[in-house]
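Nothing here was measured: the structure is a model prediction, and the numbers come from that model. Along the sequence shown, residues carry numbers from 1. Atoms within a ligand are numbered from 1 in the order they appear, just like the ligands themselves.
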Amino acid sequence: MIRLHNVSKTYTLKGRRDDNGSPRTIQALKHIDFHVPAGRIHGVIGLSGAGKSTLIRCVNLLERPTTGTVTVNGQELTALSGPALNEARHGIGMIFQHFNLLTNRTVFANVALPLELMGMPRSAIRERVTPLLELVGLDDKASQYPAQLSGGQKQRVAIARALASRPKVLLCDEATSALDPQTTASILALLRDINHKLGLTILLITHEMEVVKSICHRVSLISDGELVEEAEVGDFFTAPQTRLGRDFLNDFLKLEPPRALIDRLEDTPSRNNHPVVRLAFSGDAVSTPLISRLARECSVDVSILQAKVESIQERTLGLMIAELMGTPDKTREALDYLESHDLHVEVLGHVQRND
Ligand SMILES: Nc1ncnc2c1ncn2[C@@H]1O[C@H](COP(=O)(O)OP(=O)(O)O)[C@@H](O)[C@H]1O
Ligand SMILES: [Mg+2]
């Protein structure tokens with residue numbers, strides 16, 4: 001439904017020149033390849049300045065990519081301009097962090113605006129807008145002005161407005177970043193509902209793992225203009241493949257060994273130390289008493305330093321940081337045992353034994 005092929009974007013900074021007198025440039029996106037199938041909710045996560053907004057703005061050509069092609073709903077947007085591009089954009093709705101409502105228009109008139117611009121007759125506009133206000137839970141607020149609404153209500157108006165032209169795709173640029181956690185949850189529930197009821201494909205960008213966890217099917221990680229990792233959300237939370245992915249996850253789970261222990265970790269295993277491991281397990285492994293079996297079958301004692309259970313979509317995910325205590329042979333055997341039982345095992349380092 002959304003396909004980016006080899007998309008790069010270079011901004012030229014006006015009035016700024018480098019030592020050779022050439023205009024200064026920033027390469028905000030580098031060779032992005034990307035596909036979101038119809039009906040999916042796809043998240044793009046990254047730190048501030050990574051290129052998230054540029055990426056999402058390239059999807060509806062609010063920014064024109066410097067190179068590469070963008071295809072939405074089977075239509076190559078990068079080949080279009082003028083009225084043909086405007087027409088194609090009706091198939092793509094967008095919402096923003098700061099809602100971007102017109103303050104001098106009522107809720108109804110804000111939602112009606114894109115339809116007025118399309119030249120739709122008044123009666124048809126009313127027929128379209130009324131059910132949309134019901135869908136977002138604001139049918140009693142039609143004649144109020146944005147200033148009378150809470151942040152969550154304003155975002156609901158923006159969602160109704162984005163849906164007015166019956167798009168197939170909804171783009172969300174940090175749509176919940178200005179909202180408190182409870183309101184965030186209610187807006188995410190609404191987006192999930194819309195995805196489900198209307199079959200809308202949603203591309204959302206965020207810097208918050210909570211957003212990815214609670215609504216996305218799949219996630220891409222962007223760093224310095226490049227897509228560095230992509231995975232189904234359950235897999236990403238179980239075993240991120242990049243350093244940045246692990247940083248995001250650890251930051252979100254707040255599951256890290258105590259600082260004092262990190263400082264004492266050694267890289268190489270030896271007779272005088274024990275491995276400290278991060279274990280992630282989902283599905284069946286959660287309910288199996290693996291840890292006690294480890295002690296029995298591998299003669300290894302397990303000291304649990306931290307543990308957490310998270311529910312991610314329909315999956316239960318267990319996470320643990322533990323020290324495995326035994327001889328090098330036995331701890332090696334224990335690691336093999338864990339891996340053969342579908343646990344994701346990461347050795348964080350080795351700590352001096354004090355027995
Ligand atoms: N209109 C612009 N002109 C020049 N540089 C820009 C413009 N928009 C974004 N940038 C730069 O591109 C990079 C990526 O920005 P952005 O896409 O906004 O990142 P994010 O949304 O992840 O914070 C940053 O270095 C930013 O300063
Ligand atoms: Mg941004």
Side-chain angles (χ1 to χ4, degrees), residues 2 4-19 21-34 36 41-70 72 77-78 81 85 89 92-101 151 154-155 158-159 162 169-179 184 187-188 191 202-213 215-216 218-231 233 236 240 242-249 251-252:
I2 303 174
L4 271 59
H5 178 61
N6 199 21
V7 165
S8 295
K9 173 73 189 180
T10 305
Y11 290 112
T12 304
L13 302 178
K14 289 199 187 83
R16 298 238 227 121
R17 294 190 174 267
D18 66 15
D19 294 345
S22 322
R24 286 263 304 274
T25 58
I26 288 185
Q27 202 177 357
L29 294 178
K30 301 167 189 167
H31 311 291
I32 304 280
D33 280 299
F34 184 67
V36 183
I41 305 182
H42 192 111
V44 176
I45 191 165
L47 299 170
S48 164
K52 302 183 297 296
S53 293
T54 304
L55 174 65
I56 207 163
R57 291 165 66 86
C58 279
V59 174
N60 58 3
L61 259 62
L62 281 181
E63 294 289 353
R64 192 169 273 274
T66 312
T67 61
T69 58
V70 176
V72 177
L77 300 188
T78 31
S81 60
L85 178 59
R89 279 197 182 120
I92 310 173
M94 187 165 187
I95 57 173
F96 305 87
Q97 179 173 2
H98 297 295
F99 326 124
N100 299 11
L101 302 180
K154 285 181 197 166
Q155 195 59 293
I159 290 169
V169 167
L170 180 65
L171 308 176
C172 312
D173 186 346
E174 301 273 3
T176 56
S177 298
L179 305 174
T184 292
I187 292 295
L188 293 178
L191 291 176
I202 300 181
L203 176 65
L204 64 85
I205 63 172
T206 181
H207 63 277
E208 292 172 304
M209 288 283 277
E210 181 60 41
V211 172
V212 174
K213 180 194 142 180
I215 165 169
C216 296
R218 195 170 174 85
V219 62
S220 298
L221 206 66
I222 185 172
S223 170
D224 199 17
E226 291 181 74
L227 286 184
V228 294
E229 179 165 357
E230 188 179 311
V233 165
F236 179 68
T242 58
R243 177 66 204 263
L244 182 67
R246 286 192 288 274
D247 286 350
F248 263 108
L249 186 65
D251 211 43
F252 171 68

Sub-3.5 Å N/O-N/O distance, S48 and ligand 1 = no
message = Using the side-chain contact (heavy atoms from CB on, under 4.5 Å) definition, which of the options I2, T78, N60, I32 pairs with V70?
response = T78
ask   = Where is the nearest protein heavy atom to atom 9 (C) of ligand 1: which residue, which atom, and how far?
value = Y11 CE1, 3.4 Å
message = Please give me the minimum heavy-atom distance between S177 and Q97, naming the atom from each residue.
response = CB-NE2, 3.6 Å
ask   = Within a distance of under 4.0 Å, is there any protein heavy atom near atom 2 (C) of ligand 1?
value = yes
query = Atom NZ in K52, atom CG in L221: separation rounded to 0.5 Å?
reply = 10.0 Å
note = Nearest heavy-atom approach of F248 to G46 is CZ-C, 3.8 Å
request  = Can you list, by chain and residue number, the protein N, O or S atoms under 2.8 Å from the Mg ion (ligand 2)?
outcome  = S53 OG
note = For L47, the ligand 1 atoms with a heavy-atom partner under 4.0 Å come out as 22 (O)
ask   = So which heavy atom on K9 is nearest to which on T66, and how close?
value = CA-OG1, 3.3 Å
query = How far apart are the closest heavy atoms of H42 and V219, and which atoms are they?
reply = NE2-C, 4.0 Å
ask   = What's the shortest distance from atom 14 (C) of ligand 1 to any protein heavy atom, and which residue and atom give it?
value = G49 O, 3.4 Å
task = To the nearest 0.5 angstrom, please state how far the CZ atom of F236 sits from the CD atom of E230.
result = 11.5 Å
ask   = Which option, T54, I26, L29, L13, owns the non-hydrogen atom nearest atom 15 (O) of ligand 1?
value = T54
inquiry  = What protein heavy atom lies closest to atom 18 (O) of ligand 1? Include the residue and the distance to one decimal.
reply    = S53 CB, 3.8 Å
note = Residues I222 and L244: closest non-hydrogen pair is O-CD2, 4.1 Å
key: More than 12 heavy atoms of other groups within 6.0 Å of R243 CZ   = no
ask   = Closest non-hydrogen protein atom to atom 19 (O) of ligand 1, residue and atom name please, with distance?
value = G51 N, 3.2 Å
key: Minimum heavy-atom distance I56-L203, with the two atoms named   = CD1-O, 3.6 Å
